[in-house]
Protein chains: 2
Amino acid sequence: MSGERHPSCLVAKLSYYTDLSEEDEGYLAMLEKDEQKFSASSVVYASEVRGQNLYVVKSGWLFSYIMLTDGRRQILKVYHPGDVIGFPDIAFDRTTSDLQAAGEVCLCPFPKKELDVIFSKSPRLTALLFSLSARDQVILLDLLRALGRMSAIERLAYFLLDTQAKLRVTCHDLTDTFRLPLTQTEIGDLLGLTNVYVSKSLGRLEEDGLIERKQNAVRILKEAELRRQVDFFDRYNTLDTSWFPQPGQPR
Amino acid sequence: MSGERHPSCLVAKLSYYTDLSEEDEGYLAMLEKDEQKFSASSVVYASEVRGQNLYVVKSGWLFSYIMLTDGRRQILKVYHPGDVIGFPDIAFDRTTSDLQAAGEVCLCPFPKKELDVIFSKSPRLTALLFSLSARDQVILLDLLRALGRMSAIERLAYFLLDTQAKLRVTCHDLTDTFRLPLTQTEIGDLLGLTNVYVSKSLGRLEEDGLIERKQNAVRILKEAELRRQVDFFDRYNTLDTSWFPQPGQPR
DNA sequence: CGCCTTCTTGAATATTATCAAAGAACGTGG
DNA sequence: CCACGTTCTTTGATAATATTCAAGAAGGCG
């Protein structure tokens with residue numbers, strides 16, 4: 001549309017990792033042809049619903065979660081612009097989680113059935129999508145490690161580092177400060193803590209001079225030290241594309 | 001090889017969900033052409049190692065885990081016969097976790113580079129593998145919910161139900177009893193608990209008449225009640241294949 | 001039979017949750 | 001632009017849950 005190199009943030013994100021053919025860019029563009037806006041806190045879809053759509057995030061933050069029957073909530077993943085929402089649910093005919101907008105968001109929904117074109121026509125793009133989904137899984141494993149074996153303070157440190165690393169992929173000039181449009185209750189529901197203890201632990205991190213807060217922005221003061229403390233790996237900065245089917249022999 | 005319908009447990013598992021063409025069965029057979037045995041407790045691979053292999057589990061149980069530098073361990077996933085190990089790591093050029101055999105195991109290793117043939121030649125089989133990986137991710141999300149928002153007893157109930165449901169896919173006649181060849185320390189490292197508290201909580205479940213133990217076998221006495229208590233979903237019994245590219249137009 | 005690992009049990013301790021209330025920030029409508 | 005209501009955050013006191021430490025019992029294996 002515009003004269004920009006990448007009109008789409010999905011294409012921008014993916015070509016960060018590998019070269020895309022024009023044909024592949026075309027397939028991706030198809031996934032982003034529709035747009036849908038949601039207001040803050042609105043539920044994009046509920047769980048246990050016939051979910052045949054995936055979504056590309058165009059702008060805004062969202063998160064998916066599962067409820068227990070008694071009201072406990074586990075937030076599963078926070079989504080940012082350029083993310084694809086819905087790969088896990090591809091294996092089921094109903095959604096397995098709820099999806100809620102953290103603020104105003106703009107999404108590009110597309111039916112999962114449309115993936116079959118990509119699967120049939122572009123092995124290379126398929127491999128790329130597979131890798132994205134695989135990486136999401138590793139990021140989830142990191143979170144699992146945090147919930148299973150880290151203290152509250154460590155979990156928060158991990159969460160801040162992870163968010164920072166993720167935002168850096170699309171926002172290259174991000175240094176040490178970023179906005180965090182989540183409530184402490186939401187952060188707690190992601191990290192398996194209560195909102196009260198999130199408040200206390202963040203206060204502690206600030207007292208100790210590791211982070212700084214103003215409004216809902218966070219500044220990470222001692223990134224290296226925090227990374228060492230939680231044994232942090234950046235899963236966002238590379239992707240192994242060496243095994244991908246070669247282009248030039250499509251179809 | 002033999003006169004059985006499915007000489008391979010991977011083929012057996014996959015054709016449980018969808019019909020495979022002979023060609024597709026051929027591709028899968030290629031992945032299982034090599035065999036490698038490991039003795040109990042041996043480490044199949046360590047993390048941060050150039051990992052270009054995936055594995056099909058032929059027999060035995062294994063688990064993957066990540067260590068923190070101070071010795072804390074988080075077990076990420078327990079593998080059983082018919083499972084494919086390594087999809088998450090496909091996105092990276094190094095392994096992101098360690099893999100250890102719980103007892104004697106037999107594995108079929110194959111280089112991930114071999115997947116490119118499947119990606120290029122069989123869109124349908126690719127979609128099936130994608131779905132398996134996606135399903136693993138949902139199972140992981142269930143575990144995340146357990147670690148983040150459930151009590152010790154609930155986590156154990158969830159773990160037992162999950163293990164039972166998974167074993168039922170390959171062992172159709174499994175009713176309410178199964179062997180559990182993991183130590184309580186390992187179960188604790190999976191569920192984010194100490195071995196001591198695993199012992200106490202299992203004892204509690206038994207006292208309450210929900211389960212029964214003898215040796216290292218478990219019998220689930222009140223499956224329906226336990227399922228209700230932890231809001232359990234069986235992720236293993238179906239797979240949505242409706243969106244798969246149609247066969248008959250391969251290549 | 002004896003050793004080694006795993007499991008159980010109990011007491012003391014630590015971490016995090018719960019409850020409650022006040023203070024700060026934010027958005028909305030007048 | 002201010003007042004008000006709402007939501008979010010902070011703080012303190014108390015309670016619950018799980019950990020740690022330690023020692024003894026049980027079970028498997030040579």
Side-chain angles (χ1 to χ4, degrees), chain A residues 39-42 61 63 68 70-75 100-104 146-159 179-208 211-218, chain B residues 39-42 61 63 68 70-75 100-104 146-159 179-208 211-218:
Chain A
S39 59
S41 300
S42 60
W61 289 35
F63 55 85
L68 298 200
D70 64 356
R72 285 176 283 183
R73 177 176 71 170
Q74 177 65 46
I75 291 184
Q100 183 176 327
E104 295 224 337
L147 296 216
R149 286 297 179 230
M150 286 186 193
S151 71
I153 289 189
E154 289 169 328
R155 289 182 213 182
L156 279 159
Y158 162 75
F159 165 67
R179 282 190 54 252
L180 192 56
L182 298 175
T183 68
Q184 291 183 352
T185 299
E186 287 159 359
I187 295 172
D189 284 349
L190 174 69
L191 299 178
L193 301 167
T194 58
N195 60 341
V196 175
Y197 212 63
V198 168
S199 171
K200 287 175 180 170
S201 302
L202 280 177
R204 184 66 191 283
L205 280 170
E206 194 161 26
E207 269 178 39
D208 293 349
I211 66 167
E212 209 175 80
R213 292 178 291 169
K214 53 181 88 161
Q215 278 127 229
N216 58 1
V218 178
Chain B
S39 58
S41 300
S42 60
W61 290 33
F63 54 84
L68 298 200
D70 64 355
R72 286 176 284 183
R73 177 177 70 169
Q74 177 64 46
I75 291 184
Q100 183 176 327
E104 294 224 337
L147 295 215
R149 285 297 180 230
M150 287 186 191
S151 70
I153 288 190
E154 291 169 326
R155 289 182 214 183
L156 279 159
Y158 162 75
F159 165 67
R179 283 191 52 252
L180 191 57
L182 297 175
T183 67
Q184 292 183 352
T185 298
E186 286 158 359
I187 296 172
D189 284 349
L190 175 69
L191 299 178
L193 301 167
T194 58
N195 58 342
V196 174
Y197 213 62
V198 168
S199 171
K200 287 175 180 171
S201 303
L202 281 176
R204 184 67 190 282
L205 281 170
E206 195 161 28
E207 270 178 39
D208 294 349
I211 66 167
E212 209 175 79
R213 292 178 291 170
K214 52 181 89 160
Q215 280 127 228
N216 57 2
V218 179

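Below, each value reflects all heavy atoms present in this structure, side chains not excepted, and no hydrogens, waters or symmetry copies. Here the structure is a predicted model, which is why all the values come from computation and not from measurement.
Within the nucleic acid shown, A/Ser199 comes within 4.0 Å of at least one base atom, counting heavy atoms only. Using a 4.0 Å heavy-atom cutoff across all strands shown, B/Arg155 reaches no nucleic acid atom at all.
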Would you mind building the protein contact string for nucleotides 19-30 of chain D? One character per nucleotide, 5' to 3', B for base within reach (heavy atoms under 4.0 Å), S for sugar-phosphate only, - for untouched.
BBB------S--

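Residue A/Glu207 contributes atom CD, which lies 9 Å from atom P of D/dT11 at whole-angstrom precision. Between the CD1 atom of B/Ile187 and the C1' atom of C/dT8 there is a distance of 14 Å, given to the nearest Å. For the pair A/Asp189 CG and C/dA17 C1', the computed distance is 13 Å after rounding to whole Å. Between the CG atom of A/Leu182 and the C1' atom of D/dT9 there is a distance of 15 Å, rounded to whole Å. One atom, CG of A/Leu202, and another, P of D/dT10, lie 7 Å apart when rounded to the nearest Å. In this structure, the CD atom of A/Glu104 is 15 Å from the C1' atom of C/dC26, given to the nearest Å. For A/Lys214 and C/dA25, the NZ to P distance is 14 Å, given to the nearest whole Å. The distance from atom CE of A/Met150 to atom P of C/dT16 is 13 Å, rounded to the nearest whole Å.
Annotation for B/Ala102 and B/Ala40: closest pair O-CB, 4.4 Å, computed over non-hydrogen atoms.
The line from CE of B/Met150 to CG of B/Leu191 is 10.5 Å long, rounded to the nearest 0.5 Å. The CZ atom of B/Arg73 sits 6.0 Å away from atom CD of B/Gln100, with the distance rounded to the nearest 0.5 Å. In this structure, NZ on B/Lys200 lies 10.0 Å from CG on B/Asn195, to the nearest 0.5 angstrom.
For the helix from C/dC1-D/dG30 to C/dG30-D/dC1, the end axes, each set by the C1' atoms of five terminal pairs, are bent relative to each other by 50° (nearest 10°).
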From CA spacing to verdict: side chain to side chain contact (heavy atoms under 4.5 Å, CB included), A/Thr183, A/Glu186:
CA-CA 5 Å; A/Thr183 68; A/Glu186 287 159 359; 3.4 Å; yes

For A/Leu180 and A/Ile187, run side chain to side chain contact (heavy atoms under 4.5 Å, CB included): C-alpha distance rounded to whole Å, both residues' side-chain angles, the deciding distance at 0.1 Å, then the answer.
CA-CA 10 Å; A/Leu180 192 56; A/Ile187 295 172; 4.1 Å; yes

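Heavy-atom neighbours of B/Arg204 CZ from other residues, nucleotides or ligands within 6.0 Å: at or below the threshold of 12.
Listed nucleotides: C/dT8, D/dT9, C/dT6. Nearest to the side chain of B/Gln184: C/dT8.
No side-chain heavy atom of B/Leu147 sits less than 4.5 Å from a side-chain heavy atom of B/Tyr158.
At the phosphate of D/dC8, neither OP1 nor OP2 sits under 4.0 Å from any side-chain N or O atom of A/Arg213.
Applying the side-chain hydrogen bond (donor to acceptor under 3.5 Å, both in side chains) rule to B/Gln184 yields no partners; only residues at least two apart in sequence or on another chain are considered.
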